[in-house]
Amino acid sequence: VLPLLSAHEELAARVLPPDVHAWAAGGAGAQATLDEAQRAWAAVRLRPRVLRDVSCVDTSLVLLGRRLATPVLVGPTALHGLVHPGAEPATARGARAAGSLHVVSTRSSTPLEQVGADPWWLQVYVLRDRSRTLDLVQRAAAAGAGALVLTGDTPYVGAKRGAAPPGVAQPEELRQDPSVGLEAIAWLARHSGLPVLVKGVLRGDDARACVDAGAAGVVVSNHGGRQLDRALSTARALPEVAAAVPPGVPVLVDGGLRSGLDVLCALALGATAVLLGRPVLWALSFAGARGVEACLRAVTEDLSAAMALAGAADLSQVSADLVAGDAR
Ligand SMILES: Cc1cc2nc3c(=O)[nH]c(=O)nc-3n(C[C@H](O)[C@H](O)[C@H](O)COP(=O)(O)O)c2cc1C
C-alpha cells in the first residue's frame with residue numbers, strides 16, 4: 001500500500017462517523033473475499049525487461065473513444081454525500097483534474113444533472129420498477145454520461161458487517177430486480193444510446209456471454225468483497241476473463257488495488273483499466289475534490305515509476321509476458 005493511501009485511510013477513519021466508516025470499509029459474511037483482495041495482487045510476480053528507453057513513460061489510453069491520462073478510474077460507490085458535502089460532483093471534478101473519470105453509482109446522493117461537464121459514466125442497477133431505471137439511464141444520456149456500467153452481481157444486497165448505509169432504507173420498488181438477465185444489456189443500450197459494460201464478472205464464460213449479448217466491455221469485480229463471500233479474488237479471475245473476450249473489448253478490474261504496482265500487475269494480467277472504490281471515498285472524506293485528485297495522481301505516478309522499472313514506456317508495452325508463472 002502506498003504510504004499516502006494508508007495515511008488517507010487513517011485520516012478517513014478519524015473524520016467519518018464510525019457507522020459510515022464501518023459501512024464503507026466492510027465486506028460480506030466472514031470477509032474472506034475482502035481479506036484476500038489485496039494479498040492476491042501482492043502475490044503477482046513480474047518479469048522486468050532491461051535496457052529499454054523509459055525516459056518518457058506515458059500512462060494515457062483511449063477508452064471507448066475517449067482519451068484519458070490514466071487507466072486509474074473511480075469506481076461506483078453509493079452515497080458520496082454521506083462522506084463529504086461536495087458529494088458526487090466533487091468526486092467527478094477530482095477525477096477530471098487527474099485526467100480520469102468517475103463511474104457514478106445508481107445510488108448517487110446527487111441528481112445526475114449536477115454531476116457536471118466532467119467525464120463520467122453511470123453505474124446501473126436494474127430496479128424492480130423498471131420505468132425508474134429507464135428514466136435514470138435516459139437522464140444520464142441527456143446529462144452527458146459516456147457509458148453505462150450494469151452491475152450484474154447484486155440480485156440481492158449481500159449481508160455485511162457494518163450493515164446498510166446509515167439511515168438509508170430502500171423502498172421495495174427501488175430495490176434491485178433479481179430477475180434481470182443478459183437481455184438487460186441490449187435493453188439498456190437501446191434506450192440510452194450508450195455503450196453498456198457489465199460489472200461483477202468473474203468467469204470467462206460469463207464475459208463471453210455478456211459480449212455476445214451486446215456488452216461493450218466487462219468489469220472483473222467481486223464488488224469489493226461485499227456480495228458473495230468466498231468469491232474468488234479479481235487478480236485470479238482476471239486472466240481467464242481477459243482471454244475469453246474478443247481483442248479490443250475493454251476489460252476493467254477492481255477490488256483491493258492500492259498502488260501503481262498493483263495497477264501494473266492488473267494491466268499485465270489483461271486489464272485495460274482499473275477502478276478504485278474505497279481509496280477514493282477515504283480521500284473524498286477529508287479533502288473533497290482535491291483529495292480525489294491527489295489519490296488518483298499518486299497511484300498514477302506510482303504506476304509510471306513501476307512501468308519504468310519494468311521496462312514499459314507506454315500501456316501497449318504492458319503485456320502478459322511481464323507476469324511470471326502461474327498468475328497468467
Ligand atoms: C461503500 C461502497 C459502496 C459501493 N456501492 C456500489 C454501488 O452502488 N454500485 C456498484 O456497482 N458497486 C458498488 N460498490 C463496489 C465498488 O464499485 C467496487 O467494486 C469495490 O469497492 C472495489 O473494491 P475496492 O473498494 O477494494 O477498491 C461499493 C463499494 C463500497 C466500498
Side-chain angles (χ1 to χ4, degrees), residues 1-2 5-6 8-9 12 16 19-28 31 33-42 72-84 87-88 91 102-110 121-127 133 136 147-155 157-158 160-166 168 170 174-176 180 196-202 218-228 231 233-235 237-238 252-259 262-263 266 271 273-285 292 295-296 299:
V1 178
L2 278 177
L5 293 198
S6 49
H8 283 181
E9 185 162 358
L16 287 172
D19 54 351
V20 173
H21 179 262
W23 162 69
Q31 304 196 151
T33 295
L34 177 64
D35 290 346
E36 206 170 71
Q38 297 183 35
R39 276 206 310 276
W41 295 115
V72 183
L73 314 182
V74 177
T77 50
L79 300 170
H80 289 195
L82 286 179
V83 168
H84 189 274
E88 284 78 8
T91 308
H102 177 196
V103 184
V104 178
S105 168
T106 284
R107 308 294 187 196
S108 172
S109 308
T110 316
W121 297 353
L122 177 72
Q123 175 266 327
V124 180
Y125 286 132
V126 175
L127 306 180
T133 300
L136 190 75
L148 301 178
V149 177
L150 169 63
T151 298
D153 62 12
T154 314
V157 176
K160 299 175 195 66
R161 297 194 193 166
V168 181
Q170 223 49 264
L174 295 186
R175 298 219 176 117
Q176 283 90 320
V180 172
V196 178
L197 296 91
V198 178
K199 174 171 179 275
V201 175
L202 290 170
V218 294
V219 183
V220 177
S221 175
N222 55 36
H223 215 107
R226 295 164 74 82
Q227 282 296 109
L228 179 67
S233 67
T234 52
L238 174 59
L252 279 62
V253 65
D254 72 17
L257 292 150
R258 298 293 179 266
S259 69
D262 292 341
V263 177
V274 307
L275 304 170
L276 302 184
R278 296 176 185 84
V280 169
L281 289 177
W282 307 148
L284 178 69
S285 72
V292 172
C295 168
L296 296 169
V299 176

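Indexing begins at 1, ligand by ligand and atom by atom, following the structure's order. Position 1 is the first residue of the sequence; numbering continues from there.
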>> Pairing donors with acceptors under 3.5 angstrom, does anything connect the side chains of Thr91 and His102?
In response: no
> Are the side chain of Arg226 and the backbone N or O of Leu34 linked by a donor-acceptor pair below 3.5 Å?
Replying inline: no
> Can you check whether Pro155's main-chain N or O pairs, donor with acceptor, with Gln176's side chain at less than 3.5 Å?
Replying inline: no
>> Tell me which residues fall inside the under-4.0 Å heavy-atom shell around ligand 1.
In response: Trp23, Ala24, Pro76, Thr77, Ala78, Ser105, Gln123, Tyr125, Thr151, Lys199, Ser221, His223, Gly224, Arg226, Asp254, Gly255, Gly256, Arg258, Leu276, Gly277, Arg278, Pro279, Leu281
> Okay, side chain of Ser109, backbone of His80: is any donor-acceptor separation there less than 3.5 Å?
Replying inline: yes
>> Tell me every residue that passes salt bridge (charged side-chain N to carboxylate O under 4.0 Å, His left out) with Arg39, counting only those two or more places apart in sequence or in another chain.
In response: none
> Roughly how far, to the nearest 0.5 Å, is CH2 of Trp282 from SG of Cys295?
Replying inline: 12.0 Å
